[in-house]
Amino acid sequence: MTAYDPNNIFAKILKGEIPSTRVYEDEHTIAFMDVMPQAPGHVLVIPRDGSRNILDADPAVLQNTIVVVQKLAVAVKEAFDADGVYVAQFNEPAAGQTVFHLHFHVIPRHEGAALKPHSGTMENFDVLAANAEKIKAVL
Ligand code: 5GP
């Protein structure tokens with residue numbers, strides 16, 4: 001398996017070298033808005049610890065991360081008055097992974113509303129900021 005690249009885009013977000021719209025952070029984990037959301041309220045949950053994906057992650061890191069995934073799933077469901085929540089996580093290009101720092105997608109879903117394409121259209125910053133505020137208000 002290819003080694004973890006510490007210069008990947010999410011590592012740069014973690015270091016504050018490129019901007020992100022954060023909604024949550026703790027000692028082990030951060031969560032921020034996906035810039036190409038598949039639905040309003042699409043967030044990404046990532047551990048601070050660097051691993052390429054679930055295949056090389058430290059099990060202790062996974063334990064901390066999944067608790068935050070649950071926290072964000074509950075929050076986005078309430079913030080967007082959703083009918084359900086989609087949690088997704090891809091490992092290696094063959095499975096659809098495009099950014100190689102472990103992350104979980106957390107996406108509110110409404111009955112009958114299709115998801116936009118994965119890595120599709122860049123969302124306006126003000127919209128992302130407003131959606132982040134809705135999630136933070138619940139958290
Ligand atoms: P993957 O395909 O690796 O599971 O998903 C990567 C996700 O990261 C995609 O949903 C994509 O929209 C998102 N993404 C890519 N670059 C950036 C970025 O610079 N900032 C943020 N916030 N999200 C990004």
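All ligand and atom numbering here is 1-based and tracks the order in the structure. No hydrogens, no waters, no symmetry mates; every other heavy atom, side chains included, goes into these values. None of the values given here were measured: they were computed from a predicted structure.
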Q.
If you take the centroid of each ring, where Trp contributes its six-membered ring, are His105 and Phe90 closer together than 6.0 Å?
A. yes
Problem set entry | Any Ser119 heavy atom less than 4.0 Å from ligand 1 | yes
When distances are taken from atom 10 (O) of ligand 1, the protein heavy atom at minimum range is Asp34 OD2, 2.5 Å
When distances are taken from atom 17 (C) of ligand 1, the protein heavy atom at minimum range is Val35 CG2, 3.6 Å
Here the gap from Arg48 atom CZ to Ile30 atom CD1, rounded to the nearest 0.5 Å, amounts to 6.5 Å
Review point. For ligand 1, is Ile13 a contact, meaning one of its heavy atoms is under 4.0 Å away?
Key: yes
Under 4.0 Å between heavy atoms, the region of Ile9 that gets near ligand 1 turns out to be side chain
task: Check whether any heavy atom of Phe10 sits under 4.0 Å from an atom of ligand 1.
output: yes
Quick note on ligand 1: atoms under 4.0 Å from a heavy atom of Gln97 include exactly 2 (O), 3 (O)
Test side chain to side chain contact (heavy atoms under 4.5 Å, CB included), reference Lys77, set Leu72, Val138, Val106, Val85, output is Val85
With no hydrogens and no angle check, is any side-chain donor or acceptor of Glu123 less than 3.5 Å from a backbone partner on Met36?
no
heavy-atom search around atom 1 (P) of ligand 1 in the protein gives His103 NE2, 3.1 Å
Does Val99 reach ligand 1 with a nitrogen or oxygen that is under 3.5 Å from one of the ligand's nitrogen or oxygen atoms? yes
Going by the 4.0 angstrom heavy-atom rule, the piece of Phe100 near ligand 1 is neither
Chi angles and distances behind the side-chain contact (heavy atoms from CB on, under 4.5 Å) call for Ile107, Val76: CA-CA 7 Å; Ile107 309 177; Val76 300; over 6 Å; no
Numbered in order shown, the ligand 1 atoms found under 4.0 Å of a heavy atom of Gly96 are 2 (O)
Under a 4.5 Å cut-off applied to non-hydrogen side-chain atoms, are Pro6 and His101 in contact?
no
N or O contact, His42 vs ligand 1, cut-off under 3.5 Å: no
Under 3.5 Å, N or O to N or O, is Phe90 touching ligand 1 that way?
no
Ligand 1 atoms nearer than 4.0 angstrom to some heavy atom of Leu44 are 8 (O), 23 (N)
Would you say Asn91's side chain and Ile54's backbone share a donor-acceptor pair under 3.5 angstrom?
yes
of all protein heavy atoms, closest to atom 22 (N) of ligand 1 is Met33 O, 2.9 Å
Note: Gln89, heavy atoms under 4.0 Å from ligand 1, region reported as neither
OH of Tyr24 to CD1 of Ile135, rounded to nearest 0.5 Å, is 14.0 Å
Going by the 4.0 angstrom heavy-atom rule, the piece of Thr21 near ligand 1 is neither
Judged by atom type as modelled, is there a donor-acceptor pair below 3.5 Å linking the side chain of His110 to the main-chain atoms of Asp81? yes
To the nearest 0.5 Å, atom CG of Leu102 lies from atom CG of Asp56 at 8.0 Å
(request) Inspect the contact between Glu92 and Arg52 and indicate whether a charged nitrogen and a carboxylate oxygen are less than 4.0 angstrom apart. (result) yes
